[in-house]
Undergrad: 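Have a look at the structure that comes next, please.
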Amino acid sequence: MTLNPPPSQQTPHSPRRIPNRRVLIVGNYCHDVLIQNGSIVAETLGGAASFISNVLDSSSVSCELVSKVGHDFRYEVTHSPIVVPEKETTVFEAYFDLGIDGIGHADRVLKRVSACDPILPSDIPDSRFDFGMAVGVGGEILPETLEKMVEICDVVAVDIQALIRDFDPVDGAVKLVDLKESGFFHILHRIGFLKASSDEALFMDVEQMKQLCCVVVTNGEKGCRIYHKDDEMTVPPFLAKQVDPTGAGDSFLGGLVVGLVEGLSVPDAALLGNLFGSITVEHIGQPKFDLMMLQRVKDEVQKRKKQCNLSSSHKNDHNEFHERLSPARFSCVDSQLQPKLLVNGHSCDR
């Protein structure tokens with residue numbers, strides 16, 4: 001089965017990458033603080049836009065990023081943000097010692113400590129893009145901003161967290177609202193992809209949304225599931241030793257768009273997303289992708305495209321593509337896993 005976006009937003013399936021594919025990423029950079037047992041264990045550059053641009057840059061995919069930060073932003077980044085002098089950068093605290101369930105698993109409890117300005121339609125460049133990615137994390141994407149993206153991008157991929165996150169007015173704790181109550185629902189028939197985690201998917205009607213766009217639901221170590229119209233399928237995961245889940249879904253979405261840019265079918269592109277997500281969970285903060293691994297993945301992507309173009313029977317054989325990507329995934333001999341976050345003696349698995 002080969003799943004594709006709606007006819008008006010289909011991605012190309014040529015033997016080679018379509019030249020000059022341009023991707024627009026919209027979402028604020030953040031400062032992430034990881035806290036365990038009352039102590040700060042790490043402080044890193046965060047925000048979905050940072051993880052996604054890392055994947056696209058590492059994969060040699062041309063992208064432009066629109067992000068806002070405050071006067072206190074000190075990270076060196078490839079894509080310069082818009083600095084708002086009177087504001088502070090968005091800050092999230094992730095607590096790994098809260099929310100323990102009965103079997104000892106730990107869920108991150110996220111709190112937005114500060115928030116920079118929202119991204120306005122006027123902040124979006126007046127030019128055409130092949131792909132747009134609406135990936136806010138702190139409420140910075142407005143309905144009118146998403147409408148502007150839909151107008152200037154051939155295909156728009158949206159992370160549902162940009163739409164349904166709400167924040168406690170007292171302590172900034174992240175809460176989720178139903179998608180229909182988010183203020184964005186009237187726009188969603190115009191997007192190409194909607195990505196959600198399995199937890200976030202509970203806040204939308206998947207059966208309804210899959211009639212409007214291609215829905216991708218990630219589920220950690222179980223891989224992801226794709227829904228579109230009457231089609232649905234599971235895309236297998238890659239083994240990973242989880243250290244920190246932060247940014248895994250973002251890297252997944254980045255890998256998915258890399259695959260679409262390369263002309264892969266949606267399931268094959270999602271497999272690429274699973275690969276980048278699996279690498280990200282093995283790191284605290286942004287991963288540095290091994291150059292040898294990246295080259296092997298690029299080679300396998302090219303082989304896959306040639307294979308699918310020579311014979312249509314290969315298009316549905318995603319297991320073979322997965323088997324070929326797995327050795328590439330584990331070719332990073334210098335991949336040193338960081339110490340695993342532990343909560344009351346239990347590893348922090350999703």
Side-chain angles (χ1 to χ4, degrees), residues 3-11 23-28 47-49 52 66 118-121 123-124 128-167 174-219 224-233 235 249-250 252-257 259-261 265-267 269-270 273:
L3 290 160
N4 290 298
S8 62
Q9 298 179 327
Q10 285 185 0
T11 53
V23 178
L24 173 67
I25 305 169
V26 179
N28 285 349
I52 289 170
V66 179
I119 298 171
L120 306 175
D123 297 319
I124 306 297
R128 295 294 308 178
F129 293 88
D130 299 286
F131 292 91
M133 304 182 71
V135 291
V137 292
E140 66 267 28
I141 292 184
L142 308 175
E144 52 266 37
T145 304
L146 181 57
E147 288 180 332
K148 174 69 176 291
M149 294 180 66
V150 169
E151 291 171 0
I152 66 171
C153 301
D154 294 339
V155 181
V156 174
V158 179
D159 193 322
I160 198 172
Q161 67 181 354
L163 313 182
I164 66 171
R165 279 189 173 183
D166 195 15
F167 306 92
V174 176
K175 302 178 180 179
L176 303 180
V177 301
D178 191 271
L179 182 59
K180 290 183 179 179
E181 301 172 1
S182 66
F184 291 88
F185 194 78
H186 65 287
I187 314 171
L188 300 184
H189 68 285
R190 302 174 63 191
I191 70 172
F193 295 87
L194 182 64
K195 173 258 172 189
S197 69
S198 56
D199 291 335
E200 293 165 337
L202 300 175
F203 292 84
M204 68 170 164
D205 185 340
V206 174
E207 292 300 313
Q208 180 182 24
M209 284 307 305
K210 72 178 186 178
Q211 301 301 322
L212 303 180
C213 64
C214 184
V215 177
V216 184
V217 178
T218 59
N219 196 14
C224 68
R225 193 156 183 82
I226 306 171
Y227 305 85
H228 185 231
K229 302 297 184 185
D230 296 326
D231 291 333
E232 60 181 82
M233 70 173 298
V235 179
D250 309 322
F252 166 86
L253 190 54
L256 173 72
V257 169
L260 297 175
V261 167
S265 67
V266 175

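All of these numbers come straight from a predicted model, not from anything done at the bench.
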Undergrad: Heavy-atom distance under 4.5 Å between the side chains of Val158 and Ile187, does that happen here?
TA: no
Undergrad: Flag the pair Asp178 / Ile164 as yes when at least one side-chain heavy-atom distance between them is below 4.5 Å, and no otherwise.
TA: no
Undergrad: For the residue pair Ala134 and Ala162, what are the closest heavy atoms and their distance?
TA: O-CB, 4.0 Å
Undergrad: Check whether any side-chain heavy atom of Leu163 lies under 4.5 Å from a side-chain heavy atom of Leu188, and answer yes or no.
TA: yes
Undergrad: Counting N and O atoms only, with roles assigned by atom type, does the side chain of Gln211 sit under 3.5 Å from a partner on the main chain of Gln208, one being a donor and the other an acceptor?
TA: no
Undergrad: Please name the pair of heavy atoms, one in Pro118 and one in Asp123, separated by the smallest distance, quoted to 0.1 Å.
TA: O-OD2, 4.1 Å
Undergrad: Taking atom types as modelled, find out whether Gln161 and Lys195 have a side-chain donor-acceptor pair closer than 3.5 angstrom.
TA: no
Undergrad: Can you name the closest pair of heavy atoms from Ala270 and Cys224 and give their distance?
TA: CB-SG, 3.9 Å
Undergrad: Quick one: CG on Asp159 to CD1 on Ile52, what's the gap to the nearest 0.5 Å?
TA: 7.0 Å
Undergrad: Would you check if Leu179 and Ser182 make a side-chain contact, meaning some heavy-atom pair closer than 4.5 Å?
TA: yes
Undergrad: Enter the distance from Leu24:CG to Lys148:NZ here, rounded to the nearest 0.5 Å.
TA: 9.5 Å
Undergrad: Can you measure from CZ (Arg190) to SG (Cys213) and round to the nearest 0.5 angstrom?
TA: 13.5 Å
Undergrad: Does the side chain to side chain contact (heavy atoms under 4.5 Å, CB included) test come out yes or no for His189 and Met209, once each step is laid out?
TA: CA-CA 8 Å; His189 68 285; Met209 284 307 305; over 6 Å; no
Undergrad: Looking at Arg165 and Val137, would you say the former's side chain and the latter's main chain have a donor-acceptor pair under 3.5 Å?
TA: yes
Undergrad: If I take atom CG from residue Leu253 and atom CZ from residue Phe193, how far apart are they, to the nearest 0.5 angstrom?
TA: 9.5 Å
Undergrad: Is there a side-chain contact between Val261 and Val23 (heavy atoms, below 4.5 Å)?
TA: yes
Undergrad: Kindly write out the residues that satisfy salt bridge (Lys or Arg N to Asp or Glu O under 4.0 Å) with Lys210, not counting sequence neighbours, or none if the list is empty.
TA: Glu207, Glu232
Undergrad: Are Pro121 and Glu147 packed together at the side-chain level, in the sense that at least one heavy-atom pair is separated by less than 4.5 angstrom?
TA: no
Undergrad: Is the backbone of Gly138 close enough, under 3.5 Å, to the side chain of Glu140 for a donor and an acceptor to pair up by distance?
TA: yes
Undergrad: So if I apply the side chain to side chain contact (heavy atoms under 4.5 Å, CB included) rule between Ile226 and each of Val217, Val215, Asp231, Val266, which one comes out positive?
TA: Val266
Undergrad: So, Thr145 side chain and Ile119 main chain: donor-acceptor pair closer than 3.5 Å or not?
TA: yes
Undergrad: Could you report the tightest heavy-atom contact between Pro143 and Gly183, atom names first, then the distance?
TA: CG-O, 3.5 Å
Undergrad: Indicate the atoms forming the closest heavy-atom contact of Ala48 with Asp250, along with that distance.
TA: CB-OD1, 3.2 Å
Undergrad: What is the distance from atom CG of Leu212 to atom CZ of Phe185, rounded to the nearest 0.5 Å?
TA: 6.0 Å
Undergrad: Apply side chain to side chain contact (heavy atoms under 4.5 Å, CB included) to Asp130 and Val155, showing your working.
TA: CA-CA 6 Å; Asp130 299 286; Val155 181; over 6 Å; no
Undergrad: At what distance, to the nearest 0.5 angstrom, does NZ of Lys229 lie from SG of Cys214?
TA: 10.5 Å
Undergrad: Show the nearest heavy-atom pair for residues Met149 and Gly132, with the distance to one decimal.
TA: CE-C, 4.0 Å
Undergrad: Run the side chain to side chain contact (heavy atoms under 4.5 Å, CB included) test on Asn28 and Ile141 for me, step by step, so that the C-alpha distance in whole Å, both residues' side-chain angles and the decisive distance to 0.1 Å come before the verdict.
TA: CA-CA 9 Å; Asn28 285 349; Ile141 292 184; over 6 Å; no
Undergrad: Under 4.5 Å between any side-chain heavy atoms of Val26 and Val135, yes or no?
TA: no
Undergrad: Can you find a heavy atom in the side chain of Phe129 that is under 4.5 Å from one in the side chain of Asp154?
TA: no
Undergrad: Test side chain to side chain contact (heavy atoms under 4.5 Å, CB included) on Leu176 and Leu202; report intermediate values, then the result.
TA: CA-CA 10 Å; Leu176 303 180; Leu202 300 175; over 6 Å; no
